[in-house]
Amino acid sequence: MADSIEEHENDQPPVLDDEASNGEDDDDALDEDDEEDFGDGEEGPVVRDDMDDLFRRISTNSVPLRVHDVSIKGNTKTKESLIEYEIEALKNATTVQELLQAAAVANARLRRLGIFDSVNITLDAGPPELPGTANVVVEVVETKNPISGDFGVFSKPEARSWSLEGSLKLKNLFGFGDLWDGSLAYGWDQTSEVSAGVSLPRLRGLASPVLGRVSLLSKDWLNFSSYKERELGLSLGLLSSTNHDLAYNLTWRSLTDPLQIASRSIRRQLGHGLLSSLKYTFKIDQRNSPLRPTRGYAFVSTSQIGGLIPDYRSLRFLRQEFHLRYAFPLGFYNAAVNFGVSGGAIFPWGNGFLNMPSSMPERFFFSGNSSPVCNLGGPMTLLGFKPRGWGPTEPRRQIRENSNNESSDTYSGRDFLGGDLAFTGFADLSFDFPLRVLREAGIHGHFFACAGNLSKLTENAFRDFSFKKFLESSRSSAGFGIIVPTKLFRLEVNYCYILKQLEHDHGKTGVQFSFSSPL
């Protein structure tokens, strides 16, 4: 095919010679071309009819077709084997319809690698001597700047906390589509993290990408549970697909009480521990939007088993968590109703597990500032309550104070212990405002109501558990708010009214602000 093009080009005179020749010859040549192309008035309609017949045939019937050759262009650094794996479906197409569908899927998979600025897939006719065949040309443009970074400051005014987060990514360093990244997150008062990781989309023909990450994490829970947590961990992604994710975690953990005021339950868990766990996540999300869904459903199930290393410091537990979301439109002002339920349970295993407490960091704690609609698979949320600000509590260590030669015993507060059993549910009605300028900016309002509860099951507490008491002691809140999405952040301003809380809960009726990532 290339030879015939070259011969045809050699038979034609150079362009410069044509321009140097007599202009009359040019005019005559143009006139002849015009007569050939447009002289027959019936040829145009005939071509259009043929094209209509072709499209009609493609849309109604299967047109047999076989791929003769697939060529790849533009990959100066990326390994050709990586691209071939992503476009493997093109070679197996047997009809025009299958080829068009496979081309769209291959284009999306190549773009998902994040190492190309553009991807073009061209379908052309095969050799004349092989009718019913096609040639496929895949042309990629590798990213010009392999280094990228993000930086942001996030605020949670209701929790009086700020966080500084940044990340640096290096793409396709060795040509395997590898992604190297380092991230830093520093939170005033609570959490700080330094981590580095690598992602290999395809390694030696493995069907699943390989993920690895090393992290150093520090969490300050002194204000809530009187302990600090430090972790040095390694995470390996063993399986990752659209619906399934399997990861192994190996973490060395240390819990300390620098103020010496922790409650009895907290003090029993201080010291070093080894976390060796396998975590499986199943996820399906059929909603039309993760931020403001108006139709569809989503389900996430997470199962985790800890204690895979035979060491006395190894934390042994079974943990199960699920999240279910459903949305349907109302047909006016882009209004939609979202329902959601979340739940989870954790229980230790091993000799004497009925008398053992569950691991404190693995227990369930509620977040009070993230949206339950778009927070799928994250910490459970109960709006209007402080994060880790409600649930089972225990008095902190008794402190003896001496003043004017007199002694007095006081308690310095209570520690929130989290729960072995957690459940929450919510209903949310979102709607557009009548003003056009607000609708075009994506600013919308919502009404919400949510309820939830935490309970202890371990150390034989399950013997006294009652579903009736569990429901009667549930906390609840309701309210309304406005959501302002931007390219830099997502602002949510809510007025929360506490419907029910218990004695030591930290819930408050009033305005609540929340800044989060727009993604």
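Within the cation-pi definition used here (under 6.0 Å to the ring centroid, within 45° of the axis), R319 qualifies as a partner of F364. The cationic group of R388 lies under 6.0 Å from the six-membered ring centre of F365 and within 45° of the ring axis, placing it in a cation-pi geometry.
Taking OG1 of T251 as the reference point, atom CG of L234 lies at 8.0 Å (rounded to 0.5 Å). Separating the CG atom in N107 from the CZ atom in R111 is a distance of 4.5 Å, to the nearest 0.5 Å. The CG atom of L383 sits 11.5 Å away from atom CZ of F366, with the distance rounded to the nearest 0.5 Å. Rounded to the nearest 0.5 Å, atoms CG (L90) and CD1 (I121) are 5.5 Å apart. Between the NZ atom of K169 and the CH2 atom of W180 there is a distance of 15.5 Å, given to the nearest 0.5 Å. The CD1 atom of I83 sits 9.0 Å away from atom CD of E86, with the distance rounded to the nearest 0.5 Å.
Contact detail for R295 and P329: the closest heavy-atom pair is NH2-CG, 3.5 Å. Between H444 and D432, the shortest heavy-atom contact is CB-OD1, 3.9 Å. Listed here is the closest heavy atom pair of I72 and E84: CD1-CG, 3.8 Å. Of all heavy-atom pairs spanning H68 and N135, the tightest one is ND1-OD1, 3.2 Å. Summarising the geometry of A422 relative to M380, their closest heavy-atom pair is CB-SD, 3.9 Å, with the distance given to 0.1 Å. Here the closest heavy-atom approach between residue A335 and residue L429 is recorded as CB-CD1, 4.5 Å.
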Between E231 and R253, does a salt bridge (charged side-chain N to carboxylate O under 4.0 Å, His left out) hold up when you go through it step by step? CA-CA 5 Å; E231 297 180 352; R253 176 184 292 159; 3.0 Å; yes
(request) Could you walk me through whether N172 and T78 pass side chain to side chain donor-acceptor pair (under 3.5 Å), step by step? (result) CA-CA 7 Å; N172 209 21; T78 306; 2.9 Å; yes
Inset, instruction - May I have the step-by-step check of salt bridge (charged side-chain N to carboxylate O under 4.0 Å, His left out) for R213 and D181, ending in yes or no? - result: CA-CA 9 Å; R213 192 163 203 85; D181 73 283; 2.7 Å; yes
What pairs of donor and acceptor atoms, side-chain ones from residues 278-285 against any protein atom, are under 3.5 angstrom apart with sequence neighbours left out?
{"unit_1": "Y280", "atom_1": "OH", "unit_2": "H244", "atom_2": "ND1", "d": "2.6"}
{"unit_1": "D285", "atom_1": "OD1", "unit_2": "R287", "atom_2": "N", "d": "3.1"}
{"unit_1": "D285", "atom_1": "OD1", "unit_2": "R287", "atom_2": "NE", "d": "3.0"}
{"unit_1": "D285", "atom_1": "OD2", "unit_2": "R287", "atom_2": "NH2", "d": "3.1"}

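Of the candidates S183, S167, S235, S215, S195 forms a side chain to side chain donor-acceptor pair (under 3.5 Å) with just one, namely S183.
The existence of a salt bridge linking D428 and R292 is excluded, since no basic side-chain nitrogen approaches an acidic carboxylate oxygen closer than 4.0 Å.
A donor-acceptor pair under 3.5 Å is absent between the side-chain atoms of H323 and the main chain of E321, judged by distance alone. Of the possible polar contacts, one joining the D178 side chain to the F176 backbone as a donor-acceptor pair under 3.5 Å is found.
Side-chain atoms of E139 and T122 form no donor-acceptor pair, as typed in the model, at a separation below 3.5 Å. For the residue pair S276/N249, the side-chain donor-acceptor check at 3.5 Å is not satisfied.
Residues V138 and N75 are not in side-chain contact: their nearest non-hydrogen atoms beyond the backbone lie 4.5 Å or more apart.
Ring geometry for F431 against F433 counts as perpendicular: the plane angle is over 60°, on a 0 to 90° scale with 30° as the lower cut.
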